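What you see is a predicted model, and the numbers here were worked out from it, not measured in a lab. All residue numbers in this chain count up from 1 along the given sequence. Worth knowing before you read on, the calculation uses all heavy atoms, side chains too, and leaves out hydrogens, waters and symmetry mates.
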Amino acid sequence: MMKTIFALFALFASASAFVPSTSAPVVKTALSAVQQPDAMKTIATVAAGFTPALLSSSAAMATEGTNEWFGVDDIRLLAVLFAGHFFILSLWLGQYGDATEDDDADFFGEIDYTGR
């Protein structure tokens with residue numbers, strides 16, 4: 001019985017947390033409570049734009065314990081890795097570089113079973 005009453009009081013307490021306060025006039029958001037100059041808003045906007053780029057580019061400089069970019073100790077190996085990728089890219093572009101969306105437009109079409 002006590003558990004049920006306690007659960008009922010807990011339900012009422014949690015429901016009262018969503019009731020709007022009527023004690024004092026408050027601003028709609030915390031950001032509108034503080035007026036910032038336009039220069040500060042611009043700086044904050046620029047910082048918000050650069051932060052994801054900085055954080056995502058740091059993954060390319062992950063050292064994996066070797067203190068070298070991409071975990072490669074020897075710069076010659078890094079050059080060979082990049083050259084190999086660029087070679088494969090050039091082969092692919094040579095074969096499919098002029099492909100357009102119209103070349104594979106019939107891929108999602110129906111299957112023609114008539115044999116024409």
Side-chain angles (χ1 to χ4, degrees):
M1 180 68 181
M2 289 300 290
K3 290 180 184 178
T4 307
I5 293 173
F6 180 73
L8 186 63
F9 283 141
L11 180 67
F12 289 148
S14 64
S16 68
F18 296 103
V19 175
S21 174
T22 58
S23 61
V26 294
V27 294
K28 296 286 184 192
T29 64
L31 292 176
S32 63
V34 178
Q35 294 296 328
Q36 294 180 349
D38 288 335
M40 186 59 112
K41 289 180 184 177
T42 304
I43 292 172
T45 304
V46 169
F50 276 115
T51 302
L54 291 174
L55 292 177
S56 63
S57 66
S58 64
M61 294 180 271
T63 62
E64 299 179 4
T66 60
N67 293 330
E68 297 290 336
W69 286 14
F70 300 106
V72 176
D73 287 334
D74 192 2
I75 194 72
R76 295 175 295 177
L77 177 60
L78 192 61
V80 169
L81 286 173
F82 280 112
H85 282 90
F86 285 131
F87 175 70
I88 293 172
L89 177 65
S90 68
L91 289 176
W92 187 86
L93 287 175
Q95 184 69 29
Y96 302 107
D98 57 347
T100 61
E101 290 183 18
D102 295 334
D103 293 342
D104 57 352
D106 61 340
F107 180 75
F108 291 105
E110 59 190 30
I111 300 174
D112 185 20
Y113 289 110
T114 60
R116 287 189 254 160

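For Tyr96, the ring pair (Phe, Tyr, Trp, His ring centres under 6.0 Å) partners are Trp92, not counting sequence neighbours. Considering only residues two or more places apart in sequence or on other chains, Phe6 meets the side-chain contact (heavy atoms from CB on, under 4.5 Å) condition with none of them.
Hydrophobic clustering of Ile, Leu, Val, Met, Phe, Trp and Tyr side chains at less than 4.5 Å, counting indirect connections, keeps Leu91 apart from Val80. Following chains of ILVMFWY side-chain contacts shorter than 4.5 Å, one can reach Phe9 starting from Met1, so the two form part of one hydrophobic cluster.
For the atom pair CZ (Phe86) and CG (Leu81), the distance works out to 11.5 Å, reported to the nearest 0.5 Å.
Within 6.0 Å of the CD1 atom in Ile75, the count of heavy atoms belonging to other residues, nucleotides or ligands does not exceed 12.
Residue pairs that meet the salt bridge (charged side-chain N to carboxylate O under 4.0 Å, His left out) test with at least one member in residues 76-96, sequence neighbours left out, are Asp74-Arg76.
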